[in-house]
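Input: a single structure, listed below in C-alpha cells.
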Amino acid sequence: MSDFEKLKGELKVKLNHAKTSQEVDIIRTNIFGKNGLINSEFKKLGSLSPEDKKKVASEINNAKQELTKLFNDKVLTLTNSEIDEQVKKEKDDVTLPEKDFRIGKIHPVSQVIDEISSIFSEIGFSVEEGPDVESEYYNFTALNTPENHPAKDMHDTFYLDKNMKTLLRTHTSPVQVRTMLNGKPPFKIIAPGRTYRSDSDQTHTPMFHQLEGLHIDKNINMGHLKGCLNYFVKEFFEVDKIKMRFRPSHFPFTEPSAEVDIGYRVENNKIVIGEGDKWLEILGCGMVHPNVLKNSKVDPKKYQGFAFGIGIDRLAMLKYGINDLRSFFECDYRWLNYYGFDPLDVPTNYRGLSK
Ligand code: DAH
C-alpha cells in the first residue's frame, strides 16, 4: 500500500471517531488544507512521468471526491446530534413550577371586600360600582349636603378643576344616588370602592376604602337596619355574640343618623372583638333622608330605607391585627406575603370566610 493510501486510511478512521465539530475541523485541515494530504500529493506529481502523472492525478481526484463525501456526511450527522444534544440540555418543561416559585397573595383589603360581599349577598344584597372621579353634584348636593358644609372644604376634598365641579369622591355614598336614578325600587345593594381625602397619618391615608350599603323598600325601618348590621358584624368577626351600640350622630344624607360601635377588650396585647368594656367605632348609618330619595327620583311617601358606610381598611386592620394603615399601600412584597391570602381560598359564608 502506498503512503498516500495509508495516510488516507488513517484519516478516515480518525474522521469516523470524531465526536465534535472542532475535531472534524482539525482533520479537514489535515486533508484539504494548504499543506494537507491532498495538496502534498498533488505537489509530488511534478516528478512523475507523463503517463504516471495522469494515472496518479486521477487517483488523487477520486480520493478527494471520496473524502469530500465522507466529510459532508460526517458534518451532517454531527450537526444533527449536536443540535439534539443542545435541545436536550436546554429543554424547559413549561408545565413544571418554577424553581424559585413565588405564589401571589390576595391583599387583605381585597380579601375583606370579598368577605363582606359574601356576607351581604347571603341576605339578598347585590354589588354596585361607581366612578372614583365624581361630580360635586353626586358627591355632595344630591346627598343633601349644604353648600357651606365643612366636608366640602378644599382642605379635605381633592378637587380636579378650579370651579370645584369635579373631584375624587370623598365617600361611596354617591353610588346610592346613581343606583336609584338607574333603576326602580326596591333597592338592596352594597358598593365597595376607593375613596379619597386629604389626610395622612397612622390611621388615615389619602386613598382608602369604603363600602356603602342601601336598602330601600316599602316599610323599612331602623329595626331592619339594626338587625342587618348585627348579622353583618357577627358574620364578619366570626363570633356568636357581639356587643354593639348605636350612637346618635349626624350625616346630611340620613335622618336619623347613627354611628355604630362594637365592644372589645385587650388581652395579651391583642384586641378581642365582641366583648369587654371598650368601644370602637366601625361605621356610620341611618334612614335615608327624604331629600336624597327625591333627588334620586324615588317617592319618599311610598318608599323609605336605610343606608350605611363602612371603613373597609379599618375592619381589615381589626380582624387581621394590622397596626399601621399606611403599610396597606406600600406594596412591600414581604408584607403581602405575611398578611396576604391564598388566591385559591375564595371566601364564602358556608365554607368559612377566613379559615
Ligand atoms: N359617607 C359617610 C362618610 O364617609 C359614611 C356614611 C354614613 C354612609 C351614614 C352612609 C350613612 O350611607 O348612612 O363618613
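Here the structure is a predicted model, which is why all the values come from computation and not from measurement. Values reported hereafter were calculated over all heavy atoms of this structure, with side chains retained and with hydrogens, waters and symmetry mates removed. Each ligand, and each atom within it, is numbered from 1 in the order the structure gives.
- Classification of Lys69 and Asp73 as a salt-bridged pair holds, one side-chain N sitting under 4.0 Å from a carboxylate O.
- Proximity of Asp261 to Lys243: side-chain heavy atoms (C-beta onward) are nowhere separated by under 4.5 Å.
- Taking every heavy atom of Gln176 and a limit of under 4.0 angstrom, the matching atoms of ligand 1 come to 12 (O).
- Checked by atom type and distance alone, the side chain of Glu82 pairs as donor or acceptor with a backbone atom of Ser21 at under 3.5 Å.
- Residues Phe237 and Tyr264 place their aromatic rings such that the two centres sit no closer than 6.0 Å.
- Contacts between Phe308 and ligand 1, counted as non-hydrogen atom pairs separated by less than 4.0 Å, involve the backbone only.
- For Asp313 (side chain) and His209 (main-chain N/O), a donor-acceptor pair under 3.5 Å exists by modelled atom type.
- Residue contacts with ligand 1 for Ala307 involve both N, CA, C or O and side-chain atoms from C-beta outward (heavy atoms, distance under 4.0 Å).
- Taking the six-membered ring for Trp and the full ring otherwise, the centers of Phe71 and Phe32 sit less than 6.0 Å from each other.
- The shortest heavy-atom distance from Glu259 to ligand 1 is not under 4.0 Å.
- Tyr138 carries Arg178 over the face of its six-membered ring, with the cationic atom under 6.0 Å from the centre and within 45° of the normal.
- Of the protein's non-hydrogen atoms, the one nearest atom 12 (O) of ligand 1 is Glu212 OE2, 2.6 Å.
- Counting the atoms of ligand 1 from 1 in the order shown, those under 4.0 Å from a heavy atom of Phe251 are 7 (C), 9 (C).
- With ligand atoms numbered from 1 in the order given, ligand 1 contributes 3 (C), 4 (O) to contacts under 4.0 Å with heavy atoms of Gln210.
- What sits closest to atom 2 (C) of ligand 1 on the protein, heavy atoms only, is Phe253 CZ, 3.8 Å.
- For atom 5 (C) of ligand 1, the closest non-hydrogen atom on the protein side is Gly309 CA, 4.1 Å.
- In this comparison of Arg197, His250, Arg169, His171, the heavy atom closest to atom 1 (N) of ligand 1 sits on His171.
- Listed by atom number, the atoms of ligand 1 under 4.0 Å from Ser173 heavy atoms are 1 (N), 8 (C).
- Taking the ring centroids of His107 and Phe328, they lie under the 6.0 Å cut-off.
- In this structure, a donor-acceptor pair under 3.5 Å is present between the side chains of Glu115 and Gln111.
- Each of the atoms 13 (O) of ligand 1 lies under 4.0 Å from some heavy atom of Thr254.
- Taking every heavy atom of Gly286 and a limit of under 4.0 angstrom, the matching atoms of ligand 1 come to 13 (O).
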